[in-house]
Novice: 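Below you will find the structure I want to go over with you.
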Amino acid sequence: LSTAGLSVLLKAGVKVRSATGLHAKAYLADDRGLVGSANLTRTGLGLVEPANLELLVELGKNEMASVDSVMKRWWRDADVVGPADLAAVK
């Protein structure tokens, strides 16, 4: 995401964190989960041309629990991102 996109999320009350070196993509919502290479961008999701070549795999129930556990650990260990952090990168 861009700093502008992150700023919109922060203003909407979304909690944002940063983990140095983290490149994994996992999306968990309710009882569905995906892991793969796609970023949540228009090119990553294939919404604009040229789209990126990406792969997402749907998780089963057991895999969801495992990924959730790893993501919670990463979240806990990551740095909180706030408006001042975004201003520092602009």
Novice: Distance from Asn52 atom CG to Arg42 atom CZ, nearest 0.5 Å?
Specialist: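 Asn52 atom CG to Arg42 atom CZ measures 13.0 Å (nearest 0.5 Å).
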
Novice: Which residue pairs satisfy the side-chain hydrogen bond (donor to acceptor under 3.5 Å, both in side chains) criterion with at least one member in residues 8-17, sequence neighbours excluded?
Specialist: none

Novice: So if you build clusters from Ile, Leu, Val, Met, Phe, Trp, Tyr with side-chain heavy-atom gaps below 4.5 Å, do Leu47 and Leu56 land together?
Specialist: yes

Novice: CD of Glu54 to CG of Leu45: how many Å apart, nearest 0.5 Å?
Specialist: 8.5 Å

Novice: Report all side-chain donor-acceptor pairs from residues 67-89 shorter than 3.5 Å, counting only partners two or more places apart or in another chain.
Specialist:
from	atom 1	to	atom 2	distance (Å)
Asp68	OD2	Lys72	NZ	3.0
Asp85	OD2	Gly82	N	2.7

Novice: Do you reckon Val14 sits in the same ILVMFWY cluster as Val8, going by side-chain contacts under 4.5 Å, direct or chained?
Specialist: no

Novice: Testing the basics here: between Ala26 and Val35, what is the closest heavy-atom pair and its distance to 0.1 Å?
Specialist: CB-CG1, 3.8 Å

Novice: Please round to the nearest 0.5 Å and tell me the distance separating atom CG of Asp30 and atom CE of Met64.
Specialist: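 Between atom CG of Asp30 and atom CE of Met64 there are 8.5 Å.
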
Novice: Rounded to the nearest 0.5 Å, how far apart are CG of Asp31 and CG of Leu59?
Specialist: 11.5 Å

Novice: If you take all heavy atoms of Ala51 and Gly46, which pair is closest and at what distance?
Specialist: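 So the two residues come closest at CB-CA, 3.7 Å.
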
